[in-house]
Amino acid sequence: MKNLILKMIAIVAITISLVSCSKSDNAITGSGNLKVQFENGFADNALVLGSATVPTSQNEVLKISSIKYIVSNIELTREDGTTFTYPKAQSYFIVDEATPASLLLNLSNIPAANYKSIKFGIGVDQAQYDLGQTGIANFWTTAQNAGMTWSWASGFKFLAFEGTFTSPTVTTDASFMIHTGKTGTDYNYTEISLALPSSALVRTNITPQIHLSTDLSQIIDGSNKINLTAHNSMGMGAMIMGGADLPLISANLVNMFSVEHVHNDPN
């Protein structure tokens, strides 16, 4: 009987030890890194700067020469519903198709967790802008050098979309230039929220990569249809930097991004 009791005690001790080890192995601790990849396209086609796109619903064909946009205020949501906000001072990026390195954002010191969604802004939110030029001095200089500012009073260009277009009535290439940002009483900052098809598993030894596709046709051919020909006043090109269509374009940006997939690759 004594030997049986001792055996039972040993079995219980081993079981407790195994459970304890299992819990320890499954614990998610520390911090890691995360990458966010942007791939710009146009209506399900790869983007080639200077090449003709497929026609829009307005039967306009674009040749895009430049696309830049400010990505800011990145926030990640864990599987349990809690969130992690990337430090605002570090959360300003300019995605520029002409600069391949800018298409990949490298985020560091992110608490280890399983993240199910990502949110970010296009532009600089008004609270940050209201800090004044000195409050955001470093990024203001970066944006200035990238051609993504007007004067300080007018602020940042949130998105700069430029090139030429043709249409049934515009048969030779006419220029277009679309810049979103603060105009009058419209601030035009846009927030994008995207669920991930599979969780991003941030670990000390795993750096996930979220691959985002960007459909640039949504800028003028989303829920709100923008006719560039109608803006081609006196054949001088379509310049949209304010007016009634700019808030409509900003609203279109909500549907410009989608998640292709998530890689969870070990370091």
Side-chain angles (χ1 to χ4, degrees), residues 36 38 40 49 62 64-75 85-99 101-103 105-107 118-163 175-194 212 214-216 218-220 222-224 226 228 231 233 236-257:
V36 183
F38 289 84
N40 294 317
L49 294 178
L62 283 60
I64 300 164
S65 62
S66 177
I67 174 64
K68 303 177 188 179
Y69 44 90
I70 295 173
V71 173
S72 64
N73 295 336
I74 296 171
E75 182 181 284
T85 300
Y86 202 66
K88 280 200 172 187
Q90 304 169 36
S91 193
Y92 293 101
F93 306 89
I94 296 175
V95 176
D96 178 359
E97 180 66 20
T99 306
S102 74
L103 303 177
L105 311 188
N106 292 288
L107 311 180
I118 184 171
K119 182 169 76 171
F120 55 90
I122 298 298
V124 176
D125 67 280
Q126 191 160 7
Q128 289 296 103
Y129 173 78
D130 287 345
L131 293 176
Q133 192 168 353
T134 55
I136 199 169
N138 290 340
F139 184 67
W140 176 258
T141 301
T142 299
Q144 247 185 342
N145 292 337
M148 292 297 284
T149 62
W150 289 300
S151 66
W152 174 252
S154 299
F156 296 89
K157 299 173 189 176
F158 297 165
L159 174 143
F161 184 47
E162 301 174 3
S175 62
F176 74 85
M177 187 179 292
I178 297 172
H179 295 169
T180 70
K182 174 178 172 285
T183 57
T185 57
D186 296 314
Y187 197 75
N188 294 313
Y189 173 77
T190 308
E191 283 192 337
I192 314 297
S193 296
L194 299 169
L212 303 182
T214 303
D215 179 7
L216 301 176
Q218 291 289 317
I219 297 171
I220 59 170
S223 300
N224 301 307
I226 309 301
L228 295 176
H231 287 272
S233 177
M236 300 297 290
M239 307 298 168
I240 307 175
M241 302 180 196
D245 277 349
L246 199 65
L248 300 179
I249 289 170
S250 296
N252 280 346
L253 303 187
V254 172
N255 296 314
M256 193 170 82
F257 300 89

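This structure is a prediction, so every number in the text was calculated from the model and none was measured. Heavy atoms only: backbone and side chains are in, while hydrogens, waters and symmetry mates are out. For this chain, numbers begin at 1 and follow the sequence in order.
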Phe93: which residues meet the ring pair (Phe, Tyr, Trp, His ring centres under 6.0 Å) condition with it, sequence neighbours left out? none
Rounding to 0.5 Å, atoms CH2 (Trp150) and NZ (Lys182) come to a distance of 10.0 Å
Taking the side chain from Ser91 and the backbone from Ser72, do they hold a donor-acceptor pair closer than 3.5 Å? no
Are Phe161 and Tyr69 an aromatic pair by the rule of ring centers under 6.0 Å? no
Against Val71, only a single residue in Val95, Val36, Ile94 fulfils side chain to side chain contact (heavy atoms under 4.5 Å, CB included); can you say which? Val95
Taking the side chain as everything from C-beta on, heavy atoms only, tell me whether Leu212 gets closer than 4.5 Å to Phe120. yes
Residue pair Leu105, Ile74: steps toward the side-chain contact (heavy atoms from CB on, under 4.5 Å) verdict: CA-CA 11 Å; Leu105 311 188; Ile74 296 171; 4.2 Å; yes
Run the numbers on Leu103 and Glu97 for side-chain contact (heavy atoms from CB on, under 4.5 Å), then give the verdict. CA-CA 7 Å; Leu103 303 177; Glu97 180 66 20; 4.1 Å; yes
Closest heavy-atom pair and its distance - His179, Leu246: O-CD1, 3.3 Å
Output for pair (Gln144 CD, Lys157 NZ), nearest 0.5 Å, gives 11.0 Å
Within a strict 4.5 Å, meaning less than it, do heavy atoms of the Ser66 and Leu49 side chains meet? no
With a 4.5 Å heavy-atom cut-off, do Asn252 and Ile220 have their side chains touching? no
To the nearest 0.5 Å, what is the distance between CD1 on Ile219 and CD1 on Ile64? 7.0 Å
pair Ile178-Leu228: side-chain heavy atoms closer than 4.5 Å: yes
In terms of heavy-atom contacts, Ile192 and Leu253 come closest through CD1-O, 3.3 Å
For the side chain of Asn224 and the backbone of Ile249, is there at least one donor-acceptor N/O pair under 3.5 Å apart? no
Is there a donor-acceptor pair under 3.5 Å between the side chain of Asn40 and the backbone N or O of Thr214? no
Using modelled atom types only, decide if a donor and an acceptor are shared between the side chain of Lys68 and the backbone of Met148 within a distance under 3.5 Å. no
Assess the residue pair Leu216 and Leu62 against the criterion (side-chain contact (heavy atoms from CB on, under 4.5 Å)); give the C-alpha distance rounded to whole Å, side-chain angles, the decisive distance to 0.1 Å, and a yes or no. CA-CA 11 Å; Leu216 301 176; Leu62 283 60; over 6 Å; no
Beyond-backbone contact of Met256 with Thr190, side-chain heavy atoms, under 4.5 angstrom: no
Excluding sequence neighbours, so at least two apart, what forms ring pair (Phe, Tyr, Trp, His ring centres under 6.0 Å) with Phe139? Tyr92, Phe156
Is it true that, when you exclude Asp130 itself, more than 12 heavy atoms of the residues, nucleotides or ligands shown sit nearer than 6.0 Å to its CG? yes
List the atom of Glu191, the atom of Val254, and the distance in Å for their closest heavy-atom pair. O-CG2, 4.2 Å
Side-chain donor or acceptor of Thr180 paired with backbone N/O of Ser250 under 3.5 Å: no
Taken to the nearest 0.5 Å, the spacing of Ser223 OG from Gln218 CD works out to 7.0 Å
Looking at every heavy atom in both Phe257 and Ile122, which two are closest together, and how far apart are they? CZ-CD1, 3.7 Å
Please check if the side chain of Asp125 supplies one atom and the backbone of Ala127 the other of a donor-acceptor pair under 3.5 Å. yes
How many angstroms lie between CE in Met239 and OG in Ser233, if you round to the nearest 0.5 Å? 10.5 Å
Might you point out which heavy atoms bring Gly181 and Asn188 nearest each other, and give the distance in Å? O-ND2, 2.8 Å
With a 4.5 Å limit on heavy-atom distance, are the side chains of Leu159 and Ile67 in contact? yes
Does Tyr189 reach the side chain of Asn73, with side-chain heavy atoms less than 4.5 Å apart? yes
Nearest 0.5 Å, please: how far is CG in Asp96 from CD1 in Ile70? 11.5 Å
How close do Ser193 and Lys119 get, counting heavy atoms only, and between which atoms? OG-CD, 3.3 Å
